[in-house]
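In what follows, chains are A, B, ... by sequence order, proteins preceding strands, each numbered from 1. All values derive from a computational prediction rather than experimental measurement.
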There are 2 protein chains.
Amino acid sequence: MTERGNVVDKNEFLAVREDIVQKVLAEQPDDEVLYDLAELFKVFGDSTRIRILYALFEAELCVGDIAQILNLSQSSVSHQLRILKTSKLVKFRREGKIMFYSLDDDHVRTMISMGMEHIEE
Amino acid sequence: MTERGNVVDKNEFLAVREDIVQKVLAEQPDDEVLYDLAELFKVFGDSTRIRILYALFEAELCVGDIAQILNLSQSSVSHQLRILKTSKLVKFRREGKIMFYSLDDDHVRTMISMGMEHIEE
DNA sequence: TTAACATATGAACAGATGTCAATATGAACA
DNA sequence: TGTTCATATTGACATCTGTTCATATGTTAA
């Protein structure tokens, strides 16, 4: 293999159109943005969390309600709710001993509707 | 713990509002649909695939172009393209020895734009 | 303050996922 | 046909992720 300085080009034998590559590279968003975007989609990319979000479409729910609806342990639901909170997809309020969760904004509905449209084709 | 038949209720001590639970359960989509939806989002939930999709915003690209743009092995890019093909997010055509990939439809752009709006808040 | 309740957190484990190296497939052309 | 090139696939490996069990936190009421 050819070397450039100490760097070995793993893809030496590869069809690459350098002009196109440069043009596309110039337009790419920052890696950090793309990473954050992937992280957001990752949150939607688990059926347990999708089911939680769908349940919250209908009503504000407490942890116990959700555990019952999804037939999951309290612990598991709590863990997933933490992820949804961190991503700002759900918000919550306390009423005595009970925590009530609800959707944070309409982006969630829109994103999920978009996904639905795609898989329904 | 109490038992119902042979089923042990792991969540015996849990705040559950049965009426709400029943109402929400009645409105939930089929598990299969929710599973497919999660699978779709999972595809977007990887920064390599997001970067591939973003690159394809700009131009139709061959495997070598993408490998160069993302600084990844040909093998890895090919693997990810297969996943994107299976999810119908990209389409492809052959021209001699070269495979050209492009975005399959505008859902991809819309979904990603939605995600962007959310993280930009 | 103590007991009971609702939820959150930590550690550990199994299963899923992305990457690479090596190899296979398939197309073009001598 | 045989060789070269572009891409696809296979197997192995390390990392990431979701669940459970056990325990901690924080609230209410006696």
Trainee: Report, as yes or no, whether the 6.0 Å neighbourhood of atom CD on A/E18 holds more than 12 heavy atoms from other residues, nucleotides or ligands.
Mentor: yes
Trainee: Within the pair A/K85 and C/dA8, is there a side-chain N or O less than 4.0 Å away from OP1 or OP2?
Mentor: yes
Trainee: Mind checking B/Y101 for me? I need base, sugar-phosphate or nothing, with any heavy atom below 4.0 Å counting as a touch.
Mentor: sugar-phosphate
Trainee: Between A/R94 and A/F100, is NZ or CZ placed under 6.0 angstrom from the six-membered ring centre and within 45° of the ring axis?
Mentor: no
Trainee: Distance-only, no hydrogens or angles: does the B/D65 side chain make a donor-acceptor pair with backbone N or O of A/V21 under 3.5 Å?
Mentor: no
Trainee: Using whole Å, report how far CZ of B/F100 lies from P of D/dA8.
Mentor: 12 Å
Trainee: Does B/Q80 make a side-chain N or O approach to OP1 or OP2 of C/dT19 shorter than 4.0 Å?
Mentor: yes
Trainee: State plainly whether the residues B/D104 and B/K91 are in salt-bridge range, i.e. N to O under 4.0 Å.
Mentor: no
Trainee: Any side-chain N or O of A/R94 under 4.0 Å from OP1/OP2 of C/dT7?
Mentor: no
Trainee: Return the 5'-most residue of the pair A/R49, B/S78 with respect to DNA chain D, ranking by each residue's nearest nucleotide.
Mentor: B/S78
Trainee: When the distance from CG of A/L81 to C1' of C/dT7 is rounded to whole Å, what number comes out?
Mentor: 10 Å
Trainee: Could you give the NZ-to-P distance, from A/K97 to C/dT7, as a whole number of Å?
Mentor: 10 Å
Trainee: Tell me, please, whether A/F92 has A/K85 positioned over its six-membered ring: NZ or CZ under 6.0 Å from the ring centre and within 45 degrees of its axis?
Mentor: yes
Trainee: Hey, what bend do you get for the helix from C/dT1-D/dA30 to C/dA30-D/dT1 if you fit axes on five pairs at each end, rounded to 10°?
Mentor: 20°
Trainee: Shared ILVMFWY cluster between B/F44 and B/Y35, side chains joined below 4.5 angstrom?
Mentor: no
Trainee: Report yes if at least one side-chain N or O of A/T48 is closer than 4.0 Å to OP1 or OP2 of D/dT19; otherwise report no.
Mentor: yes
Trainee: Would A/V33 and B/M116 satisfy side chain to side chain contact (heavy atoms under 4.5 Å, CB included), going step by step from the backbone distance to the final call?
Mentor: CA-CA 8 Å; A/V33 173; B/M116 274 295 189; 3.3 Å; yes
Trainee: Just to be sure I understand the rule, does A/S76 reach a base, reach only the sugar-phosphate, or reach nothing, if contact means heavy atoms closer than 4.0 Å?
Mentor: base
Trainee: From CD1 of B/I98 over to P of D/dT4, roughly how many Å is that when rounded to an integer?
Mentor: 18 Å
Trainee: Pick from B/L25, B/V24, B/V16, B/I20: which one makes a side-chain contact (heavy atoms from CB on, under 4.5 Å) with A/Q68?
Mentor: B/V16
Trainee: Look at the side chain of A/H118 and the backbone N and O of B/S87, then say whether any donor-acceptor pair between them is shorter than 3.5 Å.
Mentor: yes
Trainee: Expressed in angstrom and rounded to an integer, what is the separation of B/F41 atom CZ from D/dT17 atom P?
Mentor: 18 Å
Trainee: Suppose we call a contact any N or O donor and acceptor under 3.5 Å apart; does that hold for the side chain of B/Q74 and the base of D/dA6?
Mentor: no
Trainee: Quick one: which protein N/O atoms are closer than 3.5 Å to N/O atoms of nucleotides 10-16 of chain C? Pair and distance per line, please.
Mentor:
residue : atom : partner : partner atom : Å
C/dG10  : O6   : A/H79   : NE2          : 2.9

Trainee: Using whole Å, what does the distance between atom P of nucleotide D/dA6 and atom CD of B/Q68 come to?
Mentor: 13 Å
Trainee: Grab the CZ-C1' distance between A/R51 and D/dG18 for me, whole Å please.
Mentor: 13 Å
Trainee: Calculate the interatomic distance between A/M99 atom CE and C/dA8 atom P; express it in whole Å.
Mentor: 5 Å
Trainee: Stepwise, does the side chain to side chain contact (heavy atoms under 4.5 Å, CB included) test hold for A/R51 with B/D31?
Mentor: CA-CA 8 Å; A/R51 285 161 77 210; B/D31 272 4; 4.0 Å; yes
